[in-house]
Amino acid sequence: MLSALIGALETGGACVMNLRLVPHWLIAGGTRSGKSTLLARLITQLAPQPVALVGIDCKGGMELGLFSGRLSALATCRREAVAVLAALVVDMQDRMSACRAAGVRSIWELPDKLRPVPVVVLVDEIAELYLSDGTREGKAEAEQCSTLLLRLAQLGAALGLHLVVAGQRVGSDLGPGVTALRAQLGGRICHRVNDPGTAEMTLGDLNKDAVAVAQAITAEERGVAVCTGPDGGWSRARSHLTPTDEAVATSRKHSALTPELPAIDRALAVLEGDVK
Ligand SMILES: Nc1ncnc2c1ncn2[C@@H]1O[C@H](COP(=O)(O)OP(=O)(O)O)[C@@H](O)[C@H]1O
Ligand SMILES: [Mg+2]
């Protein structure tokens, strides 16, 4: 459960993203290095499992929109992202109360009937959330996204909330909040990067050798990345390429398993002016 086979380690083993072992992940890489492909693979792997998938893709949903049949919600611009993330924080606070009332420390200790569905939030391109466009509104939204994502990461795993965040750059040029968020994302996957600093920021606090190996990934090696394991180790790996049509077909096939998240639907409807 909540585990995805995402690729093959070059040492021969399987590259697995197990969210129960490592709750939150950071996926770094330059343009066309394989980030979206990896997210697609992850969605395909999680699609048959009892989990709510929430997409945040502020490039108009071009990448994650393909899988909308299996997504419980999709934010396609930053305003929507703020609404979705804020609704999730409220949801998590409710879960916290439920756990407290039952005298347990995590949703996994709740009886089956009471246990809420785990939620995986997938962010394609973190910079779209954090970079201010210079307007006062844009700056406020960026700050809200930063605060809300950090809050979700902190409330996190015990409440069944998982973050998988992809980005070209993950440094403090995106704002002060990104460093704090990075610290919360324990799982790291670093594809070929545009600048050595990004590999350093993705893997540096974990292992210096891993940084050098990530920096040496060439532009031709699409889908190749340095991945951290649950035990603090790391390895070069290649993600399994799931062709887009196959990923779309899989998420369609499992669309009946898509849990409803009414609080998020309501928040998005309010934005669209459907609800006053
Ligand atoms: N694991 C992989 N194996 C083979 N080709 C890959 C793999 N991952 C990505 N690619 C190729 O690289 C291209 C760019 O990947 P993409 O995931 O869109 O990069 P990014 O989102 O980082 O810009 C894809 O269209 C695909 O053809
Ligand atoms: Mg992409």
Side-chain angles (χ1 to χ4, degrees), residues 4-17 25-47 53-68 70-71 74-78 80-81 120-131 145 163-171 174 178 182 185 187-203 213-229 234-251:
L5 173 65
I6 52 168
L9 303 176
E10 292 196 342
T11 50
C15 183
V16 174
M17 222 161 149
W25 289 74
L26 175 63
I27 302 172
T31 321
R32 299 189 60 75
S33 63
K35 301 181 297 296
S36 298
T37 305
L38 185 57
L39 288 178
R41 170 76 189 180
L42 179 62
I43 291 171
T44 311
Q45 287 274 298
L46 293 177
L53 303 171
V54 172
I56 296 183
D57 175 2
C58 296
K59 273 173 286 183
M62 270 179 3
E63 300 286 349
L64 299 182
L66 292 169
F67 314 113
S68 57
R70 184 59 184 82
L71 299 180
L74 174 64
T76 58
C77 66
R78 188 158 56 185
E80 290 181 0
V120 179
V121 180
L122 306 126
V123 181
D124 197 329
E125 198 43 75
I126 181 81
E128 303 280 340
L129 295 181
Y130 279 55
L131 277 186
C145 282
L163 295 177
V164 180
V165 176
Q168 287 194 44
R169 287 175 300 135
V170 295
L174 301 185
V178 80
R182 216 168 58 216
L185 309 175
R188 307 288 173 88
I189 299 178
C190 187
H191 294 88
R192 190 245 325 141
V193 287
N194 289 331
D195 58 301
T198 298
E200 185 78 44
M201 279 177 280
T202 307
L203 300 166
V213 171
Q215 286 167 344
I217 297 171
T218 66
E220 287 71 44
E221 296 178 295
R222 288 188 180 147
V224 169
V226 170
C227 303
T228 60
W234 59 276
S235 173
R236 234 178 84 107
R238 180 184 286 273
S239 66
H240 290 312
L241 177 66
T242 308
T244 306
D245 51 354
E246 195 184 312
V248 170
T250 306
S251 55

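Note that ligands are numbered from 1 as they come in the structure, with each ligand's atoms numbered from 1 the same way.
Considering only heavy atoms from C-beta on, Glu221 stays 4.5 Å or farther from Arg192 through its side chain. Between Ile6 and Ile189 the shortest side-chain heavy-atom distance falls below 4.5 Å.
Between the side chain of Asp124 and the backbone N or O of Asp57 there is no donor-acceptor pair closer than 3.5 Å. A donor-acceptor pair is defined here as one N or O able to donate and one able to accept, closer than 3.5 Å; such a pair exists between the side chain of Arg182 and the backbone of Val170.
Rounding to the nearest 0.5 Å places CD of Glu63 at 11.5 Å from CG of Leu74. The structure places CG of Leu39 at 12.0 Å from CG of Leu66, a figure rounded to the nearest 0.5 Å.
Counting backbone and side-chain atoms alike, Thr31 contributes no N/O/S atom closer than 2.8 Å to the Mg ion (ligand 2).
Within ligand 1, the atoms closer than 4.0 Å to a non-hydrogen atom of Gly30 are 22 (O), numbered from 1 in the order shown. Counting the atoms of ligand 1 from 1 in the order shown, those under 4.0 Å from a heavy atom of Gly223 are 1 (N), 2 (C), 7 (C), 8 (N). The ligand atoms of ligand 1 that sit less than 4.0 angstrom from a heavy atom of Thr31 are 23 (O).
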Query raised in the report: Does the side chain to side chain contact (heavy atoms under 4.5 Å, CB included) test come out yes or no for Met201 and Val178, once each step is laid out?
Result: CA-CA 11 Å; Met201 279 177 280; Val178 80; over 6 Å; no

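Of the protein's non-hydrogen atoms, the one nearest atom 4 (C) of ligand 1 is Leu241 CD2, 3.8 Å. What sits closest to atom 11 (C) of ligand 1 on the protein, heavy atoms only, is Arg222 CD, 3.6 Å. The nearest protein atom to atom 9 (C) of ligand 1, hydrogens excluded, is given as Thr37 OG1, 3.3 Å; this is a heavy-atom distance. In this structure, atom 19 (O) of ligand 1 lies nearest to the protein heavy atom Gly34 N, 3.0 Å.
Taking each of His191, Arg32, Lys35, Arg192 in turn, the one with a heavy atom nearest to atom 13 (C) of ligand 1 proves to be Arg32.
Judged purely by distance below 3.5 Å, without hydrogens or angles, the side chains of Glu246 and Thr242 never pair a donor atom with an acceptor atom.
In this structure, Ser33 has a heavy atom closer than 4.0 Å to ligand 1.
Taking any N or O of His240, backbone or side chain, none lies under 3.5 Å from an N or O belonging to ligand 1.
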